[in-house]
Q: 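Structure below; questions to follow.
Keep in mind the model is a prediction, meaning the values are calculated, not measured.
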Amino acid sequence: RLSLATVSNGVGIWDLYPQTNELIWDDSMFSLFHIKKEDFSGAYDAWVSSLHPDDRKQADKELHTALSGGKDFNTDFRVIWPNGETRNIKGIAKVFRDESGKPIRMLGINADITELKLSEEKLKLVASVFTHARESIMITDSTGCIIDLNETFTTITGYSREEAIGLNPRILKSDRQSPEFYTDMWQALLNEGYWSGELWNRRKNGEVYAEIKTISAVRNEHDIITHYVALGNDITPMKEHQSQLEHIAHFDLLTNLPNRSLLVDRLSQAMLQCRCNAESLVVVFLDLDGFKAVNDAYGHDMGDK
């Protein structure tokens, strides 16, 4: 039963006798290290030489520390298979001693943890992206309750993690969007699993800000929505700049009066409305003469005023 359990779970058993450096492997160990039985000398040095060159020194140190009673043997190391593939191995062992405390036997197991290591690295990468992303990230459960957020969310909204967790994203609502806007948003999330667009939200201090938002529904293996992930960027400065450019395009910089471009647009609309309603339109044109004399006598600043 022990043999079946170890083989089925990819666990190898090894037995080391420190006094003679004799090392005994079961069949699973040869599979873990991809070494043929006839190529294995059965000595401790054979195990060390089978490890990744960069891990040999540390693994040897860990084992001797355990034998000396410094700490239990529990370490990770890498092996390189003949085909060049690198695998991660977890090693755990128990040291047995005689009445004087001298180590006489070390019995342990090895297990391939390559997939686990890959999963850990992916989780670390996801955590790093979540923490350092310049976009605001907010995660809610299927009911819309906030369960996690990043630092950028706090920077943009003013709500700390402790304040926002457990609340609904409605805390950011600015009332600039109609109820129909949010109805369409949720309809898109339920039907398509995705929504993206611009909206106006409100910070904790009451200030309204523009945000470009992307919300995605997360589904489980049964295609049931379990979470929502929202990414956002504060585009208020861009909106303000856009508004300034529009103002410059349609208003005179000096007088702040509508310029020729806006006048033509409004005049065209007025003329069209008059045609539809059979009405007349009167345009009065005023010309300012003698401006050069003002500029020459008092300067351009005074003329501008």
Side-chain angles (χ1 to χ4, degrees), residues 1-133 148 150 218 220-222 226:
R1 287 174 179 171
L2 177 60
S3 177
L4 286 172
T6 55
V7 171
S8 300
N9 292 282
V11 176
I13 300 176
W14 53 273
D15 203 354
L16 173 67
Y17 295 86
Q19 306 306 318
T20 62
N21 274 339
E22 180 188 5
L23 180 62
I24 301 172
W25 280 6
D26 72 348
D27 291 340
S28 295
M29 286 291 293
F30 293 101
S31 298
L32 286 175
F33 285 77
H34 269 218
I35 296 176
K36 297 178 180 177
K37 288 186 179 180
E38 55 268 25
D39 295 333
F40 185 68
S41 66
Y44 170 73
D45 291 342
W47 172 73
V48 176
S49 62
S50 66
L51 305 185
H52 191 289
D54 295 340
D55 295 349
R56 291 173 185 172
K57 186 175 180 180
Q58 182 61 30
D60 182 68
K61 179 182 176 182
E62 294 277 349
L63 189 138
H64 282 91
T65 300
L67 287 172
S68 65
K71 64 176 183 177
D72 293 335
F73 184 75
N74 188 337
T75 188
D76 300 346
F77 51 84
R78 293 169 294 172
V79 299
I80 301 178
W81 285 354
N83 63 2
E85 184 179 351
T86 299
R87 307 294 293 182
N88 293 90
I89 305 294
K90 163 69 78 176
I92 302 174
K94 170 73 174 178
V95 178
F96 296 88
R97 305 178 186 277
D98 60 17
E99 294 179 355
S100 64
K102 188 176 181 179
I104 58 174
R105 188 180 185 186
M106 193 173 189
L107 185 63
I109 62 170
N110 280 175
D112 191 327
I113 58 169
T114 305
E115 281 67 34
L116 179 62
K117 281 285 186 182
L118 291 174
S119 297
E120 288 177 353
E121 290 300 319
K122 288 181 180 178
L123 288 174
K124 288 179 181 178
L125 179 60
V126 170
S128 177
V129 171
F130 185 81
T131 302
H132 298 100
D148 207 354
N150 66 349
V218 180
N220 61 16
E221 63 273 15
H222 304 297
T226 59

Q: Applying side-chain contact (heavy atoms from CB on, under 4.5 Å), run through D26 and M29 and close with a yes or a no.
A: CA-CA 6 Å; D26 72 348; M29 286 291 293; 3.3 Å; yes
Q: For D72, I'd like to know if atom CG has over 12 heavy atoms of other residues, nucleotides or ligands within 6.0 Å.
A: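 No, the 6.0 Å shell around CG holds no more than 12 heavy atoms from other groups.
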Q: Would one find more than 12 heavy atoms of other residues, nucleotides or ligands at under 6.0 Å from atom CD of E38?
A: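 For E38, atom CD is crowded (more than 12 foreign heavy atoms under 6.0 Å).
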Q: Name all pairs fulfilling the ring-ring contact (aromatic ring centres under 6.0 Å, His included) condition that reach into residues 79-101, sequence neighbours left out, sorted by first residue then second.
A: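 Sorted pair list: H34-W81.
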Q: Partners of S31 by side chain to side chain contact (heavy atoms under 4.5 Å, CB included), sequence neighbours excluded?
A: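 S31: no side chain to side chain contact (heavy atoms under 4.5 Å, CB included) contacts found.
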Q: Hey, could you give me the CD1/CG distance between I13 and L32, rounded to the nearest 0.5 Å?
A: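 It comes to 11.0 Å.
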Q: Which atoms form the tightest heavy-atom contact between S68 and R97, and what is the distance?
A: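 S68 and R97 have their closest heavy atoms at C-NH2, 4.0 Å.
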Q: Does H52 have any ring pair (Phe, Tyr, Trp, His ring centres under 6.0 Å) partners at least two apart in sequence or in another chain, and if so, which?
A: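 Per chain and number, H52 pairs via ring pair (Phe, Tyr, Trp, His ring centres under 6.0 Å) with no residue.
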Q: Would you say F33 and L51 make side-chain contact, with heavy atoms under 4.5 Å?
A: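 Counting from C-beta outward, F33 and L51 do come under 4.5 Å.
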Q: Quick check for you: to the nearest 0.5 Å, what is the distance between K94 atom NZ and L107 atom CG?
A: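 The CG atom of L107 is 11.0 Å from NZ of K94, to the nearest 0.5 Å.
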Q: How are the rings of F40 and F30 set relative to one another: parallel (under 30°), tilted (30 to 60°) or perpendicular (over 60°)?
A: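 Ring orientation, 0 to 90° scale: perpendicular.
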Q: Hey, what do you get for OG1 (T65) to CG (D60), rounding to the nearest 0.5 Å?
A: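 Spacing of OG1 (T65) from CG (D60) equals 9.0 Å.
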Q: Do N110 and W25 touch side chain to side chain, with heavy atoms closer than 4.5 Å?
A: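 No - every pair of side-chain heavy atoms lies 4.5 Å or more apart.
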Q: Counting C-beta onward and ignoring hydrogens, is there a side-chain heavy-atom pair between I24 and Y17 closer than 4.5 Å?
A: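 Yes - at least one pair of side-chain heavy atoms lies under 4.5 Å apart.
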Q: For the residue pair E115 and D112, what are the closest heavy atoms and their distance?
A: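 So the two residues come closest at OE1-OD1, 4.4 Å.
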Q: Mind checking what makes side chain to side chain donor-acceptor pair (under 3.5 Å) contact with D98, not counting sequence neighbours?
A: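 Testing D98 for side chain to side chain donor-acceptor pair (under 3.5 Å), a comparison that skips the adjacent residues, returns S100.
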Q: Give me the atom names and distance for the closest heavy-atom approach of P18 to P103.
A: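 Residues P18 and P103, closest heavy atoms: CG-O, 4.1 Å.
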Q: Under the side chain to side chain donor-acceptor pair (under 3.5 Å) rule, collect the residues that match up with D76, sequence neighbours excluded.
A: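 Counting only residues at least two positions away or on another chain, D76 forms a side chain to side chain donor-acceptor pair (under 3.5 Å) with K90, K117.
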Q: Quick check: does any side chain N or O of T226 sit under 3.5 Å from a backbone N or O of V218, one acting as donor and the other as acceptor?
A: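 Between the backbone of V218 and the side chain of T226 there is a qualifying donor-acceptor contact (under 3.5 Å).
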Q: So which heavy atom on S41 is nearest to which on A46, and how close?
A: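 Closest pair (atom of S41, atom of A46, distance): OG-CB, 3.4 Å.
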Q: How far does NZ of K102 sit from CG of L67, to the nearest 0.5 angstrom?
A: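 Between atom NZ of K102 and atom CG of L67 there are 12.0 Å.
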Q: Okay, side chain of S128, backbone of K124: is any donor-acceptor separation there less than 3.5 Å?
A: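 Looks like no, no N/O pair under 3.5 Å.
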Q: L23 and D45: side-chain contact (heavy atoms from CB on, under 4.5 Å), yes or no, with the steps?
A: CA-CA 9 Å; L23 180 62; D45 291 342; over 6 Å; no
Q: Please identify each residue that fulfils salt bridge (Lys or Arg N to Asp or Glu O under 4.0 Å) with R78, with sequence neighbours left out.
A: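 D55.
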Q: Side chains of V48 and L63, heavy atoms from C-beta outward: is any pair under 4.5 Å?
A: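 Heavy-atom side-chain distance check fails, nothing below 4.5 Å.
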Q: Please find the pair of heavy atoms, one from S50 and one from I35, that lie closest to each other, and give the distance.
A: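 Heavy atoms only, the tightest pair is CB-CD1, 3.7 Å.
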Q: To the closest 0.5 Å, what do you measure between CD1 (I113) and CG (L118)?
A: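 Between I113 CD1 and L118 CG, I get 10.0 Å after rounding to 0.5 Å.
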Q: According to the interplanar angle, ranging from 0 to 90°, do the rings of W47 and W14 count as parallel (below 30°), tilted (30 to 60°) or perpendicular (above 60°)?
A: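 Rings of W47 and W14: parallel, as their planes differ by under 30°.
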Q: Side chains of D148 and F130: closer than 4.5 Å at any heavy-atom pair?
A: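 When only atoms from C-beta onward are counted, F130 and D148 do touch, with a gap below 4.5 Å.
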